[in-house]
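Here is the naming used below: chain letters follow the sequence lines, and residue numbers restart at 1 for every chain.
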Protein chains: 2
Amino acid sequence: MLKEERHKYILDQVHLHHRILLNDLSDALNVSIDTIRRDVKELHHEKKLKKVHGGATSFGFMTFSKDDGNIYLQSKKIQIAEKTVSLLSEGQVILMSGGTTNMEVAKLIPKKLSLTVFTPSLHVAMALLDHKDVEVIFLGGKLLHDAKFAVGGTVVNALSQLRVDLCILGTGYLDANHGLTEFDWEVIQVKKAMIRASKKTIILSVSDKLHSVQKYKTCDLTAVHTLVTELDPQDPLLDAFREFDLKLV
Amino acid sequence: MLKEERHKYILDQVHLHHRILLNDLSDALNVSIDTIRRDVKELHHEKKLKKVHGGATSFGFMTFSKDDGNIYLQSKKIQIAEKTVSLLSEGQVILMSGGTTNMEVAKLIPKKLSLTVFTPSLHVAMALLDHKDVEVIFLGGKLLHDAKFAVGGTVVNALSQLRVDLCILGTGYLDANHGLTEFDWEVIQVKKAMIRASKKTIILSVSDKLHSVQKYKTCDLTAVHTLVTELDPQDPLLDAFREFDLKLV
DNA sequence: GCAAAAACAGCAAGAACTTGCAAAAACCTA
DNA sequence: TAGGTTTTTGCAAGTTCTTGCTGTTTTTGC
């Protein structure tokens with residue numbers, strides 16, 4: 001394995017997990033701990049990550065931003081959010097799930113665009129309330145401590161009485177064969193209900209999450225109308241998704 | 001777990017709750033109390049927090065309150081919150097309205113106290129979600145942009161199906177003759193429903209808001225069981241309220 | 001002033017880090 | 001392509017850091 005490849009892998013891992021142990025890297029890359037140490041030291045000097053005793057963390061790890069203050073991933077998410085916002089139009093009634101990408105969308109909605117948004121995500125709701133012209137309706141229910149996301153019967157019930165224009169699903173894992181998957185069963189139920197309640201479904205996914213599969217399935221790709229990533233729609237990484245009847249943005 | 005991670009967690013907790021017990025940290029992070037002690041001592045030397053006997057506090061909890069950066073008011077609110085928290089007991093099911101005072105209550109709830117809390121306030125919900133032993137149910141509805149508070153039929157409806165132990169109403173204006181008053185009609189409707197849904201009602205009020213009257217009325221003082229202020233219960237400022245059958249704290 | 005809780009100091013085991021070195025691989029240059 | 005140079009990598013020895021435990025001292029609440 002080339003040094004460059006190792007460096008890329010290390011950075012990816014750090015960006016994805018915000019922290020990483022040198023031992024794990026050594027195992028994963030099959031090189032001695034010393035080599036990893038040298039790699040990380042180098043990346044530290046290049047200011048690409050921060051070396052700490054026993055491992056490394058991404059910059060911004062120490063910030064108090066609730067989301068992941070990860071510049072790398074963050075910029076991808078902002079790109080996605082910008083594309084997504086351009087798909088919205090005046091007066092629409094939409095549904096938004098949670099996740100940091102969706103939060104970026106919420107932040108980037110133009111101040112003068114009037115919308116009605118239903119969401120079960122505390123973070124998204126909070127971000128939306130900055131927009132005076134957006135009416136925000138929170139779908140109440142039992143809140144998950146980590147995701148700050150409402151789940152359960154009341155949410156699904158409320159959703160069953162809606163019929164909105166658009167549904168924007170953030171986070172989640174995407175794969176051409178297995179569709180959209182998640183690791184939390186309760187979240188799945190809500191997302192399913194969201195899809196049912198909408199005429200169109202838009203999926204947001206940073207490329208890191210493409211081609212990965214989790215335990216539970218939300219839906220097949222046939223239920224999705226648009227896939228937004230930070231990649232160019234022509235990018236070969238997206239080839240696997242072209243066989244489906246969905247718009248790549 | 002990396003030392004760096006512990007430090008981040010500790011700082012997050014301190015900033016969120018103003019104060020934190022070393023024991024709670026030790027439990028939460030699964031390391032010995034000595035390690036926590038060393039961590040906190042280190043952060044203290046870095047001036048990131050202030051170490052006190054038994055725990056740590058944030059340097060300027062005042063700087064963190066976006067709303068009223070008023071140190072005096074803030075510390076009054078924290079006093080009220082401390083008194084209020086002491087009124088809670090294990091396993092209770094309670095309702096909490098919004099407001100900054102109620103948010104302080106949410107932050108100060110002991111880590112190991114298990115409760116079920118219903119609230120229509122985004123801020124309170126957010127603060128509560130930091131307590132793993134508190135089940136948080138958000139009362140969904142249309143959100144008010146400024147108050148970040150859910151109002152409307154769905155909230156009132158959901159409340160009409162509840163019968164809980166306790167209801168903690170923050171903010172609002174209080175006067176012996178006119179009772180509890182507010183300036184927002186929609187909020188009134190929700191608060192009324194909250195009072196109806198509870199066996200007991202606790203009102204929190206900083207002394208500044210005593211003896212002032214607003215446009216709409218939430219309830220008479222006869223509906224209130226406990227009034228918590230930052231004042232000593234004997235304080236003459238509270239004399240006007242003694243004729244009612246309520247507990248002064 | 002007493003008992004309990006918290007803080008402190010010192011110790012020891014283990015983990016992580018540093019340094020120097022030598023073998024192997026990659027990279028010139030003639 | 002051969003020979004020399006540079007870079008990369010793994011190993012080993014010694015050092016420092018981290019952490020939990022001990023017993024002792026200080027603080028706190030009653």
Hey, is CD on A:E4 packed in by over 12 heavy atoms from elsewhere, all under 6.0 Å? no
Side-chain N or O of [X] less than 4.0 angstrom from OP1 or OP2 on [N]?
| X | N | result |
| --- | --- | --- |
| A:K3 | D:dT8 | yes |
| B:S32 | D:dG20 | yes |
| B:K51 | C:dA7 | yes |

Could [X] and [Y] be called an ion pair, given the rule that one side-chain N must be under 4.0 Å from one carboxylate O?
| X | Y | result |
| --- | --- | --- |
| B:E42 | B:R6 | no |
| B:K112 | B:D24 | yes |
| A:K8 | A:E5 | no |

Measure [atom1]/[X] against [atom2]/[N] and give the value in whole Å, please.
| X | N | atom1 | atom2 | value |
| --- | --- | --- | --- | --- |
| A:E5 | D:dT8 | CD | P | 15 Å |
| B:I36 | D:dT18 | CD1 | P | 14 Å |
| A:D39 | C:dC17 | CG | P | 14 Å |
| A:E4 | D:dT7 | CD | P | 15 Å |
| B:L2 | C:dA15 | CG | P | 15 Å |
| A:L22 | D:dT18 | CG | P | 14 Å |
| B:E42 | D:dT19 | CD | C1' | 13 Å |
| A:H44 | C:dA16 | NE2 | P | 18 Å |

Determine the contact category for [X]: base if any of its heavy atoms lies under 4.0 Å from a base atom, sugar-phosphate if only primed atoms, P, OP1 or OP2 are that close, otherwise nothing.
| X | result |
| --- | --- |
| B:V52 | sugar-phosphate |
| B:I33 | nothing |
| B:N23 | sugar-phosphate |

Given that both distances must come in under 3.5 Å, which nucleotide forms a Watson-Crick or G-U wobble pair with D:dC30? C:dG1
To the side chain of A:K41, which of C:dT18, D:dG20, D:dT8 is closest? C:dT18
Looking at the side chain of B:T35, which of D:dG10, D:dG20, D:dT9 is the nearest nucleotide? D:dG20
Would you mind telling me which residue lines up with the more 5' stretch of DNA chain C, A:R38 or B:H53, judged by nearest nucleotide? B:H53
Is it the case that the side chain of B:S97 and the backbone of B:G170 share a donor-acceptor pair, with hydrogens and angles ignored and the cut-off at 3.5 Å? yes
